[in-house]
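Numbers for residues simply follow the sequence, beginning at 1.
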Amino acid sequence: MHPLSPALHGAKSLVVVIAGLSWSTLSRVGFGWFSVLVAVFVLGATVLSVVSWWNTGYHMVGRELRVHEGLLWRRTRAIPLERLQAVEVVRPLLAQLTGLAELRLEVVGGGKTEAPLAYLGVTEATALRQRLLAVAGHAPAPTAAPATAGTPPPPAPTGRRLHAVRNQDLLVSQLLTPQAFLLPFGLAFVVAQFVREGSWSFVAVASTLTAMAGVILQPIRRVLDDWSFRLDRDGDVLRVHNGLLETRVQTVPLHRVQTVGVTWPLLWRVKGWLRLRLEVAGYSAAEPDDRNRPDRLLPVGDAGTGGLVVAEVLPGVRLNELPTTPPPARARWLRPLSRARVGAGLHEQVFAARAGLLTRHVTLVPYARIQSVRVTRGPAQRLLRLATVHADTAGGAGAAAVDRDLAEAWALAAELTTRAQAARHPGPGR
């Protein structure tokens, strides 16, 4: 790793230590002893970071990336690159200030990020990402000419720009969320309560501010995460650039995409906006923090832009021409309000399922990505002769045609199975 890696790890430890000691410790022991405690903990964390850095390294052997770490207990992780799903270059704020980056790998079946390499120089991280993707994609890795002293390395290819989201649209989209839209009303209600009661205690005000911060945290985080969002296509991979305080460059091979999700939030429909998400095998569903998922395809955009992006990811699919039909009329006993908004259909290239009453969703599953097909029936569905057909993918979510007529459900399951097999094993001439 880069020689500055221990300094960055130590800086993160400093924040954790100060937060762990808390202000109550400061009030009990005084500023002098508090400073000594912080210095001791930071020194210990820095020593551990240096030892970890000295004993951590990586190299490629054939089609494997091997990461070595540990002093007393040595550990070597071998990552087969044919299982590679996505590669991203992440630059937290401190890494941006020092010219470093972190490389994160996502593989099939991984419950979390595999072998995060922190930290590397930006040039080294970019070159390693390109080499890993080249090996994973069964393509020869690019051979770079050795750089002479004082000569900067050539810039990495950026590919073809698909779309760049305006930051103004990103801000407006987050103002049109329930949290931000209802916040002024909630604040006015709280202030009115304070005025009526005539009490402005510190605890009451602090509790109110804490609750407000919790409400608006998610929209603020989305703005920071998706700031300067750009989507490029470089051959058979998608490259996503986003982030303000922490910049990310995520690379996802197109043949690894499992599903594409389209969402129309209620307040966004006033402006005709939508959001696009990807599902990548073994990664999106397993990662608890959505900021770490390589699933961003379009944080906000109009219908025309959404259609163009979907056509790039799923060639031949037109977003505004998806054939879907609702469940039979007797399904209204199970979905009295949303039956008309639920539907499913078979496109030439994908299986489409839509749902949602206030916030509408459409999930697109390419037939080649279907791993299994299930037909389920609950007690109420058995009384009404209904069933739900699930198209499962390696990513875990898939799509479902809910509350279909029983005969239609079995026919749909058989057709999905046939199309999935044909897509994975096309015959001659296909």
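When all heavy atoms are compared, the tightest approach of Pro253 to Val237 is CA-CG1, 3.9 Å. Minimum heavy-atom separation, Ala344 to Ala401: CB-CB, 3.4 Å. In terms of heavy atoms, Ala394 sits closest to Gln258 at N-OE1, 3.5 Å. Taking every heavy atom of both residues into account, Leu364 and Ala352 meet most closely at CD2-CB, 3.8 Å. Of all heavy-atom pairs between Thr359 and Pro265, the closest is CG2-CA, 3.9 Å. The heavy-atom pair separating Tyr58 from Met1 by the smallest distance is CD2-CE, 3.5 Å.
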- Output, in order, the C-alpha distance, side-chain angles, deciding distance and verdict of side chain to side chain contact (heavy atoms under 4.5 Å, CB included) for Arg248 and Arg104. CA-CA 10 Å; Arg248 293 170 179 263; Arg104 297 179 182 176; 3.5 Å; yes
- Determine, stepwise, if the pair Arg161 / Asp232 fulfils side chain to side chain contact (heavy atoms under 4.5 Å, CB included). CA-CA 4 Å; Arg161 176 62 46 82; Asp232 299 331; 2.3 Å; yes
- Under the side chain to side chain contact (heavy atoms under 4.5 Å, CB included) rule, what do Phe351 and Val373 come out as? Steps first, then yes or no, please. CA-CA 12 Å; Phe351 170 54; Val373 178; over 6 Å; no
- Kindly determine whether Leu231 and Leu298 satisfy side chain to side chain contact (heavy atoms under 4.5 Å, CB included), including the steps that lead there. CA-CA 8 Å; Leu231 179 65; Leu298 182 65; over 6 Å; no
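Sorted by first then second residue, the side-chain hydrogen bond (donor to acceptor under 3.5 Å, both in side chains) pairs that include residues 298-315, not counting sequence neighbours, are Arg160-Glu312, Arg233-Glu312, Asp302-Thr305. Sequence neighbours left out, the pairs with a member in residues 342-357 that pass side-chain hydrogen bond (donor to acceptor under 3.5 Å, both in side chains) are Thr324-Arg354. Listed by first and then second residue, the side-chain hydrogen bond (donor to acceptor under 3.5 Å, both in side chains) pairs involving residues 180-189 amount to none (not counting sequence neighbours). Counting only residues at least two apart or on different chains, the salt bridge (Lys or Arg N to Asp or Glu O under 4.0 Å) pairs with a member in residues 169-181 are Arg166-Asp169.
Separation of atoms CG (Asn242) and CG (Leu224) is listed at 11.0 Å; rounding is to 0.5 Å. One finds the CG atom of Leu81 at 8.0 Å from the CD atom of Glu64 (value rounded to the nearest 0.5 Å). Remark: Leu103 CG to Leu117 CG distance equals 5.5 Å, nearest 0.5 Å. Here Arg275 contributes atom CZ and Trp264 contributes atom CH2; the two are 11.5 Å apart, rounded to the nearest 0.5 Å. Residue Arg374 holds its CZ atom at 10.0 Å from OG1 of Thr388, rounded to the nearest 0.5 Å. Distance check: His241 NE2 to Gln250 CD gives 10.5 Å after rounding to the nearest 0.5 Å.
Exactly one residue among Leu100, Val122, Thr98, Leu97 makes a side chain to side chain contact (heavy atoms under 4.5 Å, CB included) with Arg91. That residue is Val122.
In this structure, Thr417 contributes its side chain and Ala413 its backbone to a donor-acceptor pair below 3.5 Å. The closest donor-acceptor contact from the side chain of Arg74 to the backbone of His68 lies at 3.5 Å or more, if one exists at all. Under the 3.5 Å distance criterion, the side-chain polar atoms of Thr56 are left unmatched by any main-chain donor or acceptor of Glu69. No donor-acceptor pair under 3.5 Å is formed between the side chain of Thr247 and the backbone N or O of Gly243.
Under the 4.5 Å side-chain criterion, counting only non-hydrogen atoms from C-beta, Pro299 is not in contact with Arg222. Side-chain atoms of Val135 and Leu65, non-hydrogen and from C-beta on, never get closer than 4.5 Å to each other. The shortest distance between side-chain heavy atoms of Asp403 and Val342 does not fall below 4.5 Å. Residues Leu176 and Val270 have side chains not in contact (no heavy-atom distance under 4.5 Å, counting atoms from C-beta outward). Leu120 has its side chain out of reach of His2: every pair of non-hydrogen atoms, C-beta onward, lies at least 4.5 Å apart. Counting only heavy atoms from C-beta outward, the side chains of Leu171 and Trp227 approach each other to under 4.5 Å. Between Leu254 and Val313, some side-chain heavy-atom pair lies under the 4.5 Å cut-off. With contacts defined as side-chain heavy-atom distances shorter than 4.5 Å, the pair Glu246/Leu93 does not qualify.
Classification of Glu279 and Arg277 as a salt-bridged pair fails, no side-chain N sitting under 4.0 Å from a carboxylate O.
In the displayed structure, Arg318 atom CZ is contacted under 6.0 Å by at most 12 heavy atoms of other residues, nucleotides or ligands. No more than 12 heavy atoms of other residues, nucleotides or ligands sit less than 6.0 Å from atom CG of Asp236.
Ring-plane geometry between Trp273 and Trp268 is classed as perpendicular, the angle between the planes exceeding 60 degrees on a 0 to 90 degree scale with a lower cut at 30.
With sequence neighbours excluded, no residue satisfies side-chain hydrogen bond (donor to acceptor under 3.5 Å, both in side chains) with His255. With sequence neighbours left out, Gln96 forms a side-chain hydrogen bond (donor to acceptor under 3.5 Å, both in side chains) with no residue at all.
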